[in-house]
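To find a chain, count down the sequence lines: A is the first, B the second, and so on, and within it residues start at 1.
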Amino acid sequence: MNVNTSRQRLAAFLVVAALLASGCATTRPGEDKLLVRSQQTYETARETFNVLFVLEDENEALIESKLPGTHAKVEKLRVLAKANLPRLLRAIDAYSAASGGGDLTKALAVIEQALREAQDILAASGG
Amino acid sequence: MGIAEILGLIGAAQKIIDFIARQKRIAEQSGAWTAAERAQVDARWTELTSGHAWQTDEEGGNI
């Protein structure tokens, strides 16, 4: 198996795993689906960002040589993730305590968009 | 394929395996976080963000 094929397969697993996780929100009776979905999205995004950041950090030169511009894209996600994952978590805690939805849906949308960008970068790395 | 690429691929494979295992646990999670799970969220965040990979270039992550 050559390098590009194996990386494509690894990247495909990443995308599928992340999509599966973000699509499931199993709730117990009486629990709030938005809350559970937000919590799962938080954890999925955190772990997806982590694997992207670690792989890019450890293989920056190789990745940049194959996909110029990737480091700049990942850097933007580092900044975004460090600012907005805590924001989402605070919104989750506030929602859980008081059942207010406005801040949570906005914070969730930011992370969901960033997660899609991370997944796109991971998939591109395998190409 | 050179030695550096082989080592990189081996390292990446284990990280991918760990990632998929975590995603599987997240997908199988039933219901909202318990207090213990919420505490683990904070611990995991501290663990990850103290690592080099989460440091931006401005923060000195690309020396």
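Using a 4.5 Å cut-off on side-chain heavy atoms (C-beta onward), A:Leu55 and B:Ile16 make contact. For the pair A:Glu47/B:Asp18, no side-chain contact is recorded, criterion being any heavy-atom separation below 4.5 Å from C-beta on.
Hydrophobic clustering (ILVMFWY, side-chain heavy atoms < 4.5 Å, transitive): A:Leu89 and A:Leu34 are in one cluster.
A salt bridge links B:Glu59 and A:Lys82; the closest N-O separation between the charged side-chain nitrogens and carboxylate oxygens is under 4.0 Å.
When each of B:Arg22, B:Arg44, B:Lys15 is checked for a side chain to side chain contact (heavy atoms under 4.5 Å, CB included) with A:Asn50, only B:Arg44 meets the rule.
To the nearest 0.5 Å, atoms CZ (B:Phe19) and CG (A:Leu122) are separated by 7.5 Å. From A:Phe53, atom CZ reaches atom CG of B:Leu48 across 10.0 Å, with rounding to the nearest 0.5 Å. Taken to the nearest 0.5 Å, the CG atom of A:Leu85 stands 10.0 Å off from the OG1 atom of B:Thr49.
Residue-level contacts of residues 35-43 of chain B with chain A, in order of numbering, are B:Arg38, B:Val41, B:Asp42; threshold 4.5 Å between heavy atoms.
For the salt bridge (charged side-chain N to carboxylate O under 4.0 Å, His left out) test, no residue two or more places apart in sequence or in another chain qualifies with A:Lys76.
The choice from A:Leu77, A:Val54, A:Val79, A:Leu35 that makes the most heavy-atom pairs within less than 4.5 Å of chain B is A:Val54.
Considering all non-hydrogen atoms of both residues, B:Gly31 and A:Val36 come closest at C-CG2, 3.8 Å. Taking all atoms of both residues into account, the shortest heavy-atom contact from B:Trp45 to A:Pro86 is CZ2-CG, 3.6 Å.
Of the possible donor and acceptor atoms, one in the side chain of A:Arg78 sits under 3.5 Å from a partner among the backbone N and O of B:Ala53. With hydrogens and angles disregarded, a donor-acceptor distance shorter than 3.5 Å links the side chain of A:Gln39 to the backbone of B:Trp33.
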